[in-house]
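Below is one structure, written out as structure tokens; comments come after it.
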Amino acid sequence: MTPAKLAEAVLAAARALFSERGLDPAALPASTTVERPRNPEHGDYASTIALQLAKKVRAQPRDLAAGIADHLGRTPGVKSVEIAGPGFLNIRLDTASAGQLARVVVQTGREYGHSDRLAGQRINLEFVSANPTGPVHIGGARWAALGDALARLLRASGADVGTEYYVNDAGAQIDRFARSLEAAAGGRPVPEDGYAGEYIKQIADAIKKDHPDAGEATFRDEGVARMLREIRTSLADFGVPFDLFFRESDLHSRGELETALARLREQGHVYDAAGAIWLRTTDFGDDKDRVLRKSDGEWTYFAADCAYYLDKRERGFERLMMLLGADHHGYIGRMRAMAACFGDQPERTLEILIGQLVNLVKDGEPLRMSKRAGTVVTIEDLVESIGVDAARYALARFSSDSPIDIDVDLWTRSTRDNPVYYVQYVAARTASVSRNAAEVGLTRGEADDFRPELLGHEKEQDLLKALGDYPAIVAAAAELREPHRVARYLEELAGSYHRFYDNCRILPVGDEPIGDLHRARLWLNDATRTVIANGLDLLGVSAPERM
RNA sequence: GCGCUCGUAGCUCAGCGGAUAGAGCAGCUGCCUUCUAAGCAGUUGGUCGCAGGUUCGAAUCCUGCCGAGCGCGCCA
């Protein structure tokens, strides 16, 4: 029995009690969950449903609990139900019922952990969006790892997700980039407000080689094109493909800023003052109004943001998510107000996720190692230092609210304190067990011959429970937009497997004949392999067959 | 000044209102003639920043204070 099925049984028991006692069924929740008590004396699973219902129907929680326990105790697969404390239900499952989970997991395979709770939702997820004036730095790498994991999580929950990278290829910073390239190509020092770094020289030389009489316009177009190609490649090498690289210049060339302005004007939130055109974002809680078109006739960056917002919405996305660094949190107010100015409800259509910054550290000192950019650490530097798997895992394992230092030595170590290896080692071990089993002629056999009641060892039961937790973890991680929950879970699951492996011999020893217990444990081994692989996949980390 | 985030073991961090707050590291001690020791077992370590409030129940929610980081342009 899975925890989800057990939770349904708990609810069914409550429903039965309500009907028996003539209580109002409207007080019952649409769904409920069971939790895993930390203390094993409190059973395999616990429900707090009696505590929650008691105040709604003005009953004694322990009395309600007793009634629910009565019905629940008759559910097949449930071994016992006890009432504890103020009204907890402490539930134990039959060994066989718990063991069946291994079969469910193996048979569900790659789909295990997926759900349809976000089915039908069209979500646009924008992240990284670093300017195409230089390589993606380590901060961008964090959003790449997090955003990609989030996209996978949302898709695993059934959502229709489009990932997007906004390319700021218009405006003053691109002019500076173009002038820097032109200067570098001519052997002159880059302008005061320009871009430095060896990569500028390299790109400039390459452009000059292909276009000997290149002017600023060519340096601009070619420079952006080449830089963007590099960015796309770095991200692809990092395992982060975007569905769309959206260019700001397209908004301009298609007249979408004018369209957006007209739309905002229709909604009555635009006014002219001091020669500029303003959006009255203070109508919706922003701390000041924002300029759309400057008095010199130029559009502001914010005007392009408005057009981009409208473009996404008109492409059919009902929810726009954006990952931004903490240094951009000041955007939230104006973005939400802007959405409201379009007539949307920002709390429904816009979701801005803010993440803290990240450093690469060696020997306790922040690293500045880029040969190319001079001062910043690029995504390539990160991959070169610790590899893609360690990098993706390191960036995804912490809450995005927490600033992180990635210690090069830790993340390249092959020991217990390097979490990525600890987890990947389970993938390798389970795969190794599978190979060795095949060699001695041990297979899982037919599903009907699986004997789940043999998995009664404490470590087997612990592992089964950990495997059962996975779908709820994925659902919570998706709902809370917190991929790190998956990583933390995998570390716990890895611990459960290692302890199982250490205590429960899977393969026959010597010339011992193959028996049902060997086969049952192989089911458990393979179920673990499935969940580890599924979980690592959500994080974009490989599940190696050998290490 | 205003806003956002954070404050949990010596260190790095988990903990979407539930029972005795967890993990790894660091420290100390054990386990490889059997499936990968990149592993396992044991042991030490806490006023959950402070003070109130809500609740049957608060590390978790609310308010205030203290401390740290970041942000508050007709910049991009």
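Computed over heavy atoms, backbone and side chain alike; hydrogens, waters and symmetry mates excluded. All chains are named by letter (A, B, ...) in the order of the sequence lines, taking the proteins before the strands, and each is independently numbered beginning at 1.
Glycosidic conformation at B:C32 (O4'-C1'-N9-C4 for purines, O4'-C1'-N1-C2 for pyrimidines): syn, within 90° of 0.
Distance A:Tyr425 OH to B:G24 P: 17 Å, rounded to the nearest Å. In this structure, CZ of A:Arg416 is placed 19 Å from P of B:U12, rounded to the nearest angstrom. One can place CD of A:Glu492 at 17 Å from C1' of B:C40, the figure rounded to the nearest angstrom. The OH-P distance, from A:Tyr501 to B:A38, rounds to 11 Å in whole Å. The interatomic distance linking A:Arg397 (CZ) with B:G15 (P) rounds to 11 Å, in whole Å. One interatomic measurement links the two molecules: CD1 of A:Ile354 to P of B:C70, which rounds to 15 Å at whole-angstrom precision. At whole-Å resolution of the value, CG in A:Asp502 and P in B:A38 are 13 Å apart. Rounded to an integer number of Å, the gap from OH of A:Tyr393 to C1' of B:U12 is 14 Å.
Comparing B:C72, B:G39, B:A38 by their closest approach to the side chain of A:Asp287 singles out B:C72. Considering only the side chain of A:Ser295, B:C74 comes nearest among B:C16, B:C74, B:G39. Side-chain proximity of A:Leu480 to the nucleotides B:G39, B:G18, B:C16 is greatest for B:C16. Comparing atom distances between the A:Leu507 side chain and each of B:C35, B:G15, B:U55 picks out B:C35 as nearest.
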Take A:Glu216 and A:Arg220 through the salt bridge (charged side-chain N to carboxylate O under 4.0 Å, His left out) test and state the conclusion after the steps. CA-CA 6 Å; A:Glu216 192 183 315; A:Arg220 174 202 314 267; 3.6 Å; yes

Determine whether A:Arg392 and A:Leu539 satisfy the following criterion, side chain to side chain contact (heavy atoms under 4.5 Å, CB included), listing intermediate values before the conclusion. CA-CA 7 Å; A:Arg392 298 264 327 229; A:Leu539 301 177; 6.0 Å; no

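Taking 4.0 angstrom as the limit, A:Tyr422 places a side-chain polar atom (N or O) nearer than this to OP1 or OP2 of B:C40. Phosphate contact (OP1/OP2 of B:G15, side-chain N/O of A:Arg485, threshold under 4.0 Å): present.
Figure legend: cation-pi geometry between A:Arg429 and A:Tyr497 absent, as NZ or CZ is not positioned both under 6.0 Å from the six-membered ring centre and within 45° of its axis. Judged by the 6.0 Å and 45° rule, A:Arg488 forms a cation-pi pair with A:Phe398.
The closest side-chain donor-acceptor pair between A:Asp462 and A:Ser496, if any, does not fall under 3.5 angstrom.
Residue contacts shown for A:Ala274 include a base, since a base heavy atom lies under 4.0 Å away. In this structure, A:Leu51 reaches the bases: a heavy-atom distance under 4.0 Å links it to at least one base atom across the strands shown. Heavy atoms of A:Asn90 sit under 4.0 angstrom from at least one base atom. Among the protein residues, A:Glu545 comes within range of the nucleic acid bases, having at least one heavy atom under 4.0 Å from a base atom. Within the 4.0 angstrom heavy-atom criterion, only backbone atoms of the sugar-phosphate kind lie near A:Ala172; the bases stay farther away. Contact annotation for A:Ala437: no contact, since no heavy-atom pair falls under 4.0 Å across all strands. Backbone-only contact: A:Lys288 has heavy atoms under 4.0 Å from sugar-phosphate atoms and none from a base. Nucleic acid contact class of A:His498 (heavy atoms, under 4.0 Å, all strands): sugar-phosphate only. At the heavy-atom level, A:Arg505 lies under 4.0 Å from base atoms of the strands shown. Counting non-hydrogen atoms under 4.0 angstrom, A:Ala428 reaches a base of the nucleic acid.
Scanning for side-chain contact (heavy atoms from CB on, under 4.5 Å) contacts around A:Ala472 gives an empty result, with sequence neighbours left out.
With rounding to the nearest 0.5 angstrom, the CE atom of A:Met335 is 15.0 Å from the CZ atom of A:Phe284. Between A:His498 atom NE2 and A:Arg416 atom CZ the span is 7.5 Å, to the nearest 0.5 Å. One finds the OH atom of A:Tyr308 at 9.5 Å from the CG atom of A:Asn168 (value rounded to the nearest 0.5 Å).
Using a cutoff of 4.0 Å between basic side-chain nitrogens and carboxylate oxygens, A:Arg293 and A:Asp272 are not scored as salt-bridged. We find that A:Arg529 and A:Asp526 are not joined by a salt bridge, their nearest charged nitrogen and carboxylate oxygen being 4.0 Å or further apart. Between A:Glu192 and A:Arg179 there is no salt bridge, since none of the side-chain N atoms of the basic residue sits less than 4.0 Å from a carboxylate O of the acidic one.
B:A26 sits 14 Å from B:C13 when the C1' atoms are compared, rounded to a whole Å. Comparing B:C48 with B:A58, their P atoms sit 13 Å apart, to the nearest whole Å. Distance check on atom P: B:U47 versus B:A41 gives 27 Å, rounded to whole Å. Across B:G7 and B:U60, the matching C1' atoms stand 14 Å from one another, rounded to whole Å. The same atom, P, is picked in B:C31 and in B:A23; the two are 24 Å apart, to the nearest Å. B:U44 and B:C25 have their C1' atoms separated by 14 Å, with the value rounded to a whole Å.
Distance alone, capped at 3.5 Å, is enough to place a donor-acceptor pair between the A:Asp44 side chain and the A:Leu93 backbone.
RNA chain B is contacted by A:Ser414, A:Thr415 of residues 406-415 of chain A, taking any non-hydrogen atom closer than 4.0 Å. Less than 4.0 Å separates RNA chain B from at least one heavy atom of each of the following residues of residues 31-43 of chain A: A:Arg38, A:Asn39, A:His42.
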For RNA chain B, please output the secondary structure as dot-bracket, reading 5' to 3'. Pairs are Watson-Crick or G-U wobble, both atom distances under 3.5 Å; mark crossing pairs with [ ], other-strand partners with |, unpaired with a dot. (((((((..((((....[...)))).(((((.......))))).....(((((..]....))))))))))))....

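Residue A:Glu41 places its CD atom among 12 or fewer non-hydrogen atoms of other residues, nucleotides or ligands, all under 6.0 Å distant.
Toward the 5' end of RNA chain B, the nearer of the two residues A:Gln52 and A:Asn131, judged by each one's closest nucleotide, is A:Gln52. The 5' end of RNA chain B is approached more closely, in terms of each residue's nearest nucleotide, by A:Glu479 than by the other of A:Asn436 and A:Glu479.
Using cut-offs of 30° and 60° for the angle between ring planes, the A:Tyr166 and A:Tyr301 rings count as perpendicular.
By the criterion of a centre-to-centre distance under 5.5 Å and near-parallel planes under 30°, the ring of A:Phe398 forms no stack with the base of B:C13. Residue-nucleotide stacking is not present for A:Phe88 and B:G18, judged by a side-chain ring centre under 5.5 Å from the six-membered base ring centre and planes under 30° apart.
A donor N or O paired with an acceptor N or O is not found under 3.5 Å between the base of B:A38 and the side-chain atoms of A:Asp417. No N or O donor and acceptor, one from the side chain of A:His328 and one from the base of B:G71, sit under 3.5 Å apart.
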Please produce a list of atom pairs where a protein N or O lies less than 3.5 Å from an N or O of nucleotides 5-8 of chain B.
| residue | atom | partner | partner atom | Å |
| --- | --- | --- | --- | --- |
| B:C6 | OP1 | A:Asp401 | OD2 | 3.2 |

Side-chain donor/acceptor pairs under 3.5 Å, residues 46-60 of chain A, sequence neighbours excluded:
| residue | atom | partner | partner atom | Å |
| --- | --- | --- | --- | --- |
| A:Ser47 | OG | A:Ile49 | N | 3.1 |
| A:Thr48 | OG1 | A:Gln52 | NE2 | 2.9 |

